[in-house]
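Encoded as C-alpha cells, the structure appears first; notes follow it.
Fair warning: this is a prediction, and the values are worked out from it, not measured in the lab.
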Amino acid sequence: VNMAGTVFKNIDQATKQKLQLTGGVQITTLKAGPWKKAGIQQGFIITAIGKEIVDNVDQLTSILQRREGGVLIEGVYPNGEKIYYGVDLGS
C-alpha cells in the first residue's frame, strides 16, 4: 500500500518470530512527507497507531482513514529497538 510516497507491507512470519510480534506493518519505501518528517526511517515496523493495534496493511489503512491531525505511532526496528513517533497526518 502506497500513502503519500510511503509504501507499507505486512511483515513475514520470520520477522514476527524474531521480534516476538503477532503482526505489524513495515515501511519499505519512505519519501518526503509526514512519516519522514516525524523522523521515522525505512524498515520501521508499525505495531500500533494511537493505541490501536496494527496487525496488517488493511488495519493500517482503516485506522489512518479515520484519523487526522497528530497520532502516536508505536513500533520497532528490525534490530529490536522499540520506539514511538508523533506523526502529523494533517486534516
Can you check whether [X] reaches [Y] side chain to side chain, under 4.5 Å on heavy atoms?
{"X": "Pro34", "Y": "Val87", "result": "yes"}
{"X": "Tyr85", "Y": "Phe44", "result": "yes"}
{"X": "Val54", "Y": "Phe8", "result": "no"}

Side-chain donor/acceptor of [X] to backbone N/O of [Y], under 3.5 Å:
{"X": "Gln42", "Y": "Thr28", "value": "yes"}
{"X": "Glu81", "Y": "Tyr77", "value": "no"}
{"X": "Thr47", "Y": "Gly24", "value": "no"}
{"X": "Asn10", "Y": "Val57", "value": "yes"}

Quick one: [atom1] on [X] to [atom2] on [Y], what's the gap to the nearest 0.5 Å?
{"X": "Leu89", "Y": "Ile49", "atom1": "CG", "atom2": "CD1", "result": "7.5 Å"}
{"X": "Leu72", "Y": "Tyr84", "atom1": "CG", "atom2": "OH", "result": "7.0 Å"}
{"X": "Ile11", "Y": "Lys9", "atom1": "CD1", "atom2": "NZ", "result": "9.0 Å"}
{"X": "Ile45", "Y": "Ile83", "atom1": "CD1", "atom2": "CD1", "result": "13.0 Å"}
{"X": "Thr6", "Y": "Ile40", "atom1": "OG1", "atom2": "CD1", "result": "8.5 Å"}
{"X": "Lys51", "Y": "Ile63", "atom1": "NZ", "atom2": "CD1", "result": "13.0 Å"}

Heavy atoms only: give me the nearest Lys36-Lys31 pair and the separation to one decimal.
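Taking Lys36 first and Lys31 second, the nearest heavy atoms are CB-O, 3.6 Å.
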Over all atoms of both residues, closest heavy-atom pair of Pro78 and Gln26:
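Smallest heavy-atom distance, with atoms named: CG-NE2, 3.7 Å.
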Does the side chain to side chain donor-acceptor pair (under 3.5 Å) test come out yes or no for Asp12 and Thr15, once each step is laid out?
CA-CA 5 Å; Asp12 57 34; Thr15 304; 2.7 Å; yes
